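Report on one structure; see the data block that follows.
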Amino acid sequence: QVQLVESGGGFVQAGGSLRLSCAASGRTFMSYAMGWFRQAPGKEREFVAAISWSGDYTLYADSVKGRFTISRDNAKNLQYLLYLQMNSLKPEDTAVYYCALRAGLISADTTAYDYWGQGTQVTVSS
């Protein structure tokens, strides 16, 4: 059974930084893209960033470009690790952040992802 477990969320002041991690396990993944999404209270889940299997291609939402960096580490100790380095955080970045995994090419479409983690809360105070 595929499991995605996020960690690294927390409370930070505006302008601060956090690094989110996601560990995917449960099977051998080949040619899977991974992504980060977020959902603020009362809003729909939205795309944040995505990365291809090889790590050569990345996508970012306009709202986080230049501030967030997505990266991955495949098959480290039988886990596939995904990261999101978040710098210059703003109060509007407050949300539950989810990692997701899909078979195939990189995508910003929420509905394209097959597996989801439970989420980690990020709160940015002004």
Side-chain angles (χ1 to χ4, degrees):
Q1 184 174 349
V2 175
Q3 274 194 318
L4 300 177
V5 180
E6 301 97 337
S7 61
F11 184 92
V12 65
Q13 290 188 329
S17 298
L18 283 175
R19 189 191 195 210
L20 304 183
S21 299
C22 173
S25 61
R27 61 177 293 177
T28 300
F29 299 102
M30 295 299 293
S31 299
Y32 277 70
M34 297 187 76
W36 288 99
F37 295 79
R38 66 187 182 187
Q39 188 166 18
K43 295 187 177 181
E44 292 189 352
R45 191 170 298 187
E46 65 175 7
F47 169 74
V48 175
I51 188 166
S52 63
W53 169 253
S54 65
D56 292 339
Y57 300 98
T58 57
L59 288 173
Y60 293 94
D62 288 343
S63 59
V64 306
K65 276 182 184 175
R67 300 189 298 122
F68 291 10
T69 302
I70 189 170
S71 61
R72 66 187 296 168
D73 190 347
N74 292 339
K76 185 171 185 179
N77 297 326
L78 301 180
Q79 284 191 328
Y80 298 80
L81 301 174
L82 179 70
Y83 304 101
L84 186 68
Q85 178 65 45
M86 305 186 295
N87 299 328
S88 302
L89 282 161
K90 305 175 181 180
E92 50 264 44
D93 294 319
T94 295
V96 176
Y97 283 71
Y98 299 89
C99 72
L101 184 150
R102 71 179 300 265
L105 300 177
I106 190 173
S107 175
D109 184 355
T110 305
T111 64
Y113 284 78
D114 305 302
Y115 303 101
W116 292 84
Q118 293 300 307
T120 185
Q121 177 71 47
V122 171
T123 303
V124 184
S125 66
S126 57

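All values below come from the heavy atoms of this structure, side chains included, with hydrogens, waters and symmetry mates left out. Just so it is clear, the model here is predicted, and its values are computed rather than measured.
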Checklist entry - Is it the case that Ser107 and Asp109 place a side-chain donor and acceptor less than 3.5 Å from each other? => result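 Not at all, the side chains of Ser107 and Asp109 share no donor-acceptor pair under 3.5 Å.
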
Between [X] and [Y], which heavy-atom pair has the shortest distance, and what is it?
X: Ala14; Y: Ser126; result: CB-CA, 4.3 Å
X: Leu84; Y: Ala49; result: CD1-CB, 4.3 Å
X: Leu82; Y: Cys99; result: CD2-CB, 3.9 Å
X: Leu4; Y: Cys22; result: CB-SG, 4.1 Å
X: Ser63; Y: Arg38; result: OG-NH2, 3.5 Å
X: Ser17; Y: Gln85; result: CB-NE2, 4.0 Å

Next on the checklist: Could you work out, with ring pair (Phe, Tyr, Trp, His ring centres under 6.0 Å) as the rule, every residue matching Tyr32, not counting sequence neighbours?
Outcome noted: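 Result, ring pair (Phe, Tyr, Trp, His ring centres under 6.0 Å) vs Tyr32: Phe29.
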
Checklist entry - Out of Tyr97, Tyr98, Trp116, which one pairs with Phe37 under the ring pair (Phe, Tyr, Trp, His ring centres under 6.0 Å) rule? => result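 Looking at Tyr97, Tyr98, Trp116, the match for Phe37 under the ring pair (Phe, Tyr, Trp, His ring centres under 6.0 Å) is Trp116.
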
Item to check | Under-4.0 Å salt bridge between Lys65 and Asp62 | outcome: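 Looking at Lys65 and Asp62, the cut-off is met.
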
Checklist entry - So Phe68 and Leu89, side-chain contact (heavy atoms from CB on, under 4.5 Å) or not? Walk me through it. => result CA-CA 9 Å; Phe68 291 10; Leu89 282 161; 3.8 Å; yes

Checklist entry - Should Asp93 and Arg67 count as side-chain neighbours, where that means a heavy-atom distance under 4.5 Å? => result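 Yes. Closest side-chain heavy atoms under 4.5 Å.
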
Item to check | Close side-chain approach of Glu6 to Leu20, heavy-atom, < 4.5 Å | outcome: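 No, too far: nothing below the 4.5 Å cut-off.
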
Next on the checklist: Go through it in stages, so that I can follow the logic: the residues are Leu101 and Tyr80, the test is side-chain contact (heavy atoms from CB on, under 4.5 Å), and I'd like the CA-CA distance, side-chain angles, deciding distance and then a yes or no.
Outcome noted: CA-CA 10 Å; Leu101 184 150; Tyr80 298 80; 5.8 Å; no

Checklist entry - Thr110 and Glu44: side-chain contact (heavy atoms from CB on, under 4.5 Å), yes or no, with the steps? => result CA-CA 10 Å; Thr110 305; Glu44 292 189 352; over 6 Å; no

Next on the checklist: Does atom CD (Gln13) have a neighbourhood of more than 12 heavy atoms from anything else shown, all under 6.0 Å?
Outcome noted: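 No.
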
Checklist entry - For the side chain of Arg102 and the backbone of Thr111, is there at least one donor-acceptor N/O pair under 3.5 Å apart? => result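 Checked: no pair found.
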
Checklist entry - With sequence neighbours left out, what residues match Ser71 under side chain to side chain contact (heavy atoms under 4.5 Å, CB included)? => result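 Counting only residues at least two positions away or on another chain, Ser71 forms a side chain to side chain contact (heavy atoms under 4.5 Å, CB included) with Tyr83.
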
